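These notes are about the structure you will find just below.
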Amino acid sequence: MVPKKEVKSLYELYGFSLFDEEEDLLVFIYDQGYFKNAEVIKFLDSTVADKLIENLKILGYTPQITLFQGIEQLNQQLFRGFFKVDSYKSKVKKGYRNFKENQNKILGFDYEYIKGSYYEDIELKYDDDLIKHMIEKLEEDGPQLIVLEAAAGYGKTCTVYELYNEIALKTGDYCIPLMTELSRNRKAKIFRYVLLDEIDKNFPGLNSELIEKEIFSGRIPVIVDGFDELLIRSHTNKDNSDTISEFDDIESMLKTIGEMLKGNAKIILTSRKTALLSGDKFHYWLNNEENFFGVTRITLNEPSTRDWIGQEKTSIINNHGTSVGMLLNPVILAFIKNISVDDLQNKDIEKLIEDYFITLLTREQTRQNIRLTVNDQLKIFESLAYQMSISGITSDSRDNIKSMIYENNWEIIEKSLENYYGSDKPDSESIANTLAGHVLLDRNGSLDEVGFINEFIFGILLGNVICKYPSMDYLDMKFIDLACTSFEIRNENNKNQLYEKVKQISDALMDMEKLEVDIKLKNSLTNKYKSLSVENRIFNKFSFNEAVESSVFYSCVFTNVIFNKSIFYQTTFIDCKFFSCSFECDTENNQLIHFINCNSDNEDYLLIEDSLDIKSIGVTEADIIEKYERIVIEQFWPPGKKAAQLKRAYRTLFYGVEHIDHIYVEMAIEKLKKRGILTAVSSTLYILEVSKMGEIQEIKNGKGVWDVNE
């Protein structure tokens, strides 16, 4: 049967009008101003359409004959023509070249994307090609969401630019990537409108229904870089109640993403590592009955000094007292990679950072004929970093950036005029305009806006100026985190200065935000914590010297850490690893500390673990079974879902469960394993056995019965 109805719908979507219809052909016209085109679709090769074609020519149309070979072939033909695939891919490649040139400009040498290790969900991959792996994900059937996470300045944007370019190079004629780099600006506050605006800019003249259809088809994978950029939370609240409103904000953004994940759609989000994209609420959103898409979470690992600077330079750094672990920042590692071994001798971390900025700013004096000292340039851009943070933006129009530079630094700029001579002497506005095109700044993606070239530079400048000001303003945590992340590699004196400033507004921070500050600036707890949910963090020589209560650590790594039993109360460690740690049983009290599915290079952690006596709390094993076996099964097969997700990370089986009940979930998992309903592929990955579907259904329906003597 000839699918005329489908063909008509397809051509109408592309803006054609049906001109004529006969038994074995359809004629469509496309009349756009000066151009008048017609397409004759023949369903049989023998069909004669000579007279019809002559009539179309008389009417001023340019006809094209297409022999129908399938609806997909027609779709590809129209897509290639209307989306101007060759031209669009050239634009993508040009955007990638511009990105590399900007990196070359700030580095002072050729930019190179260095492949590193990463986590895919819970699996650490060392030598895998991440870009190739993500391309393979895009080629899988069905809707797919890929969440790419990393700390500020750890290569999220570099990675998606590699992916962006690779899609254009490797995916054939019928796939083009759409990338939007979100920024916090004064005009765009609602994610949906930002995304629609980006679509309109990339595909002018095409209707939104058509673009939506091709996103659903998978022909237009969507990359959203900086998904967390539009999230902003006022710290004027003095309690943690705003965590709910913040997730409501992100949930609205995720709803927009969820609505696009249909058919064969592919969406890649990048974000800073944040509890909002890994906690219980995000997990519940993913398992919402309206969501039917695959999810892959990729976390970029800390850069390896082996990959970046080699063994000789690593040894030099170690020999003069600077821990290589302090240098795990790609920007500084790239700088070290391209200086000589002689230059590296006798330089501590502060000298390396100082030399990095001196190199950039001295070069800029020549490149742009800026008669400003290195120190004056630093003052100007520290001031700009602070003003942008106070305004809650990471980029703005060039004119606004120029105005901010001049208004807050006019005395420095006016004084610099004394250093110019002759006919080439500029005015102050010209200098401000030149500074708006400074090496430390960059045009933000496809938006006509300017922001700092990378998060490390933004964070260093912001941290510097925060330390200089007598008091700390209420900044959004986004900017505090930028400063803390950049200062994480600095010496103790600088870290302590920033910590003392951030401490002034600590009452306005959520507990997880306080913990981030403690980790990055103090490497120890400075507050008592309750109800923490910490995931995928590395604690090296970290001091747990304040109370931790009703908390859970998922998939964390602890190295050279001392655990005093009295510090922890009602705390569970799930899927964690312990290396060279010591465990001190300094209290006989039952602290309700539990280690679930953990590994250690010694068994001393058992000294502080508390045993569970079910009978002493009046709970029978049958009581536990009736409730918690269903909780575990529903992590694989949430209520309302038509089908189960057969693989689950071990840690996710505990999401949404009160801390005090984690031990019962562990018991349920063990029972389900014994019955063959769950199989452990590894210590961190479990599979739901479909051969046991009858028993699984009974458990879901609350009819499962366990043999308590099993």
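Being a predicted model, the structure only gives us computed values, none of them experimental.
- Looking at R648, its side chain does come within 3.5 Å of a backbone N or O of Q635 through a donor-acceptor pair.
- Of all heavy-atom pairs spanning S551 and S531, the tightest one is OG-N, 3.4 Å.
- A salt bridge between K115 and D129 is present, with a side-chain N of the basic residue lying under 4.0 Å from a carboxylate O of the acidic one.
- Taking the six-membered ring for Trp, Y554 and Y655 have ring centres closer than 6.0 Å.
- A ring-centre distance under 6.0 Å is not found for F636 and Y686.
- Among all heavy-atom pairs drawn from P143 and G263, the shortest one is CD-O, 2.9 Å.
- In terms of heavy atoms, K156 sits closest to L300 at N-CD1, 3.9 Å.
- Other residues, nucleotides and ligands contribute over 12 non-hydrogen atoms within 6.0 Å of the CG atom of L532.
- Under the 4.0 Å criterion applied to side-chain N and carboxylate O atoms, E629 and K671 are not assigned as salt-bridge partners.
- Salt-bridge check for E72 with R219: passed, with a basic side-chain N closer than 4.0 Å to an acidic carboxylate O.
- Electrostatic pairing of E584 and K565 does not count as a salt bridge here, judged by no charged N lying under 4.0 Å from a carboxylate O.
- Between R297 and E120 there is no salt bridge, since no side-chain N of the basic residue sits under 4.0 Å from a carboxylate O of the acidic one.
- With sequence neighbours left out, E549 forms a side chain to side chain contact (heavy atoms under 4.5 Å, CB included) with K530, Y569.
- Taking the salt bridge (Lys or Arg N to Asp or Glu O under 4.0 Å) definition, one finds that E209 meets it with nothing, sequence neighbours left out.
- Minimum heavy-atom separation, Q144 to L261: O-CD2, 3.3 Å.
- For K627 against D661, the heavy-atom pair with the smallest separation is NZ-OD2, 4.5 Å.
- Minimum heavy-atom separation, N545 to L525: OD1-O, 2.7 Å.
- Salt bridge absent: K692 and E689 never bring a charged side-chain N and a carboxylate O closer than 4.0 Å.
- Residue F558 forms a ring pair (Phe, Tyr, Trp, His ring centres under 6.0 Å) with just one option from F542, F563, F583, and that option is F563.
- Contact check on K520 versus E516 returns a salt bridge, with a Lys/Arg side-chain nitrogen under 4.0 Å from an Asp/Glu carboxylate oxygen.
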